[in-house]
Amino acid sequence: MTGAQRYRTPRGRFLHIPPQLPRSDWANDFGKPWWQGTRYEVGRLSAQTRNIRIINTLTSQEHTLEVGALESMWEILHRYLPYNAHAASYTWKYEGKNLNMECTLEENGIQDEEEEFDYLNMDGTLHTPAILLYFNDDLTEL
């Protein structure tokens, strides 16, 4: 009615939600709402994401993951664990070179070529970098 922004709360108002219409008896001096507190943060929002293929050379299984540009290889490995719980027992390689698990994709030489594909008016999904996993017989338990 007033054109003011309001929150959609289908189950009714709760703490720090302003009333639908302006009221003089509602105190809004609480500072930051509870849902914007740092204890409810679950991760960082990535400004740019990209797709990578992870190929298990032992089983020939292939999975495509969308990862953030700033994620380290360890973080990518943890996101890959639902597909292979033993992923830490593999050597991760790109173009025949071992990847440094502490570094990001860019730091490991896996360039994001999306801008170049856009410049050339090509479909960026035609080329997705492939990371190959080679099994190490390290005798660890699953």
Side-chain angles (χ1 to χ4, degrees), residues 1-23 26-142:
M1 286 206 274
T2 63
Q5 259 188 345
R6 62 184 194 141
Y7 295 95
R8 182 178 181 276
T9 53
R11 296 187 179 177
R13 275 187 64 216
F14 54 89
L15 188 62
H16 296 157
I17 295 290
Q20 290 184 6
L21 298 172
R23 295 176 58 164
W26 184 69
N28 60 356
D29 58 352
F30 46 80
K32 203 188 308 187
W34 65 270
W35 62 84
Q36 291 179 349
T38 55
R39 67 185 265 197
Y40 297 108
E41 290 179 8
V42 292
R44 296 177 301 181
L45 182 62
S46 181
Q48 184 177 9
T49 61
R50 58 191 288 193
N51 288 326
I52 58 168
R53 290 183 301 146
I54 300 177
I55 302 171
N56 185 337
T57 58
L58 181 66
T59 62
S60 298
Q61 292 177 326
E62 179 178 323
H63 296 92
T64 302
L65 294 179
E66 184 177 10
V67 297
L70 300 177
E71 283 188 77
S72 71
M73 293 305 299
W74 281 119
E75 292 170 319
I76 293 171
L77 183 145
H78 284 285
R79 295 190 51 208
Y80 180 68
L81 286 176
Y83 303 105
N84 183 350
H86 210 49
S89 294
Y90 286 76
T91 300
W92 291 54
K93 291 187 175 190
Y94 178 73
E95 293 183 347
K97 298 177 197 153
N98 288 0
L99 297 177
N100 182 348
M101 300 304 276
E102 304 294 330
C103 297
T104 64
L105 292 169
E106 293 275 339
E107 294 167 345
N108 275 306
I110 306 173
Q111 302 300 320
D112 187 6
E113 299 170 336
E114 186 177 336
E115 289 182 16
E116 188 172 341
F117 280 112
D118 288 343
Y119 177 75
L120 297 172
N121 291 327
M122 294 176 63
D123 184 12
T125 59
L126 295 176
H127 172 71
T128 305
I131 296 174
L132 302 178
L133 304 185
Y134 295 92
F135 183 69
N136 299 328
D137 191 10
D138 60 0
L139 303 175
T140 58
E141 293 183 35
L142 286 174

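Expressed to the nearest 0.5 Å, how far CD of Glu114 lies from OG1 of Thr49 amounts to 7.5 Å. Of the inter-residue distances, the one linking Glu75 atom CD with Leu77 atom CG reads 11.0 Å to the nearest 0.5 angstrom. Atom OH in Tyr94 sits 13.0 Å away from atom CD1 in Ile54 (nearest 0.5 Å). The line from CD of Glu115 to CG of Leu120 is 12.0 Å long, rounded to the nearest 0.5 Å. To the nearest 0.5 Å, the span separating CG on Asn108 from OG on Ser72 amounts to 9.5 Å. The OG1 atom of Thr91 sits 11.5 Å away from the CG atom of Leu132 when rounded to the nearest 0.5 Å.
Atom CD of Glu116 sits in a sparse spot, with 12 or fewer heavy atoms from other residues, nucleotides or ligands closer than 6.0 Å. Counted within 6.0 Å of CD on Gln36, heavy atoms from surrounding residues, nucleotides or ligands total more than 12; the atom is thus considered enclosed.
Heavy-atom minimum distance, Asp112 versus Gln48: OD2-NE2, 2.8 Å. The heavy-atom pair separating Thr128 from Arg53 by the smallest distance is O-NE, 3.2 Å. Of all non-hydrogen atoms in Asn100 and Met73, the two that sit nearest each other are O-CG, 3.6 Å.
One N or O on the side chain of Arg50 and one on the backbone of Gln111 form a donor-acceptor pair closer than 3.5 Å. With hydrogens and angles disregarded, a donor-acceptor distance shorter than 3.5 Å links the side chain of Thr57 to the backbone of Leu133.
Trp74 is linked by a side-chain hydrogen bond (donor to acceptor under 3.5 Å, both in side chains) to Glu102, counting only residues two or more places apart in sequence or in another chain.
Tyr90 pairs in a ring-ring contact (aromatic ring centres under 6.0 Å, His included) with only one of the listed residues (Tyr134, Phe135, Tyr83), which is Phe135. Across Leu105, Leu65, Ile76, Ile55, a single residue satisfies side chain to side chain contact (heavy atoms under 4.5 Å, CB included) together with Ile131, and that is Leu105.
Using cut-offs of 30° and 60° on the angle between ring planes, the pair Trp26 and Phe30 is perpendicular. The aromatic rings of Tyr80 and Trp92 lie perpendicular to each other, with more than 60° between the two planes, well past the 30° mark.
Counting heavy atoms from C-beta outward, Ile110 and Leu99 have side chains that approach closer than 4.5 Å.
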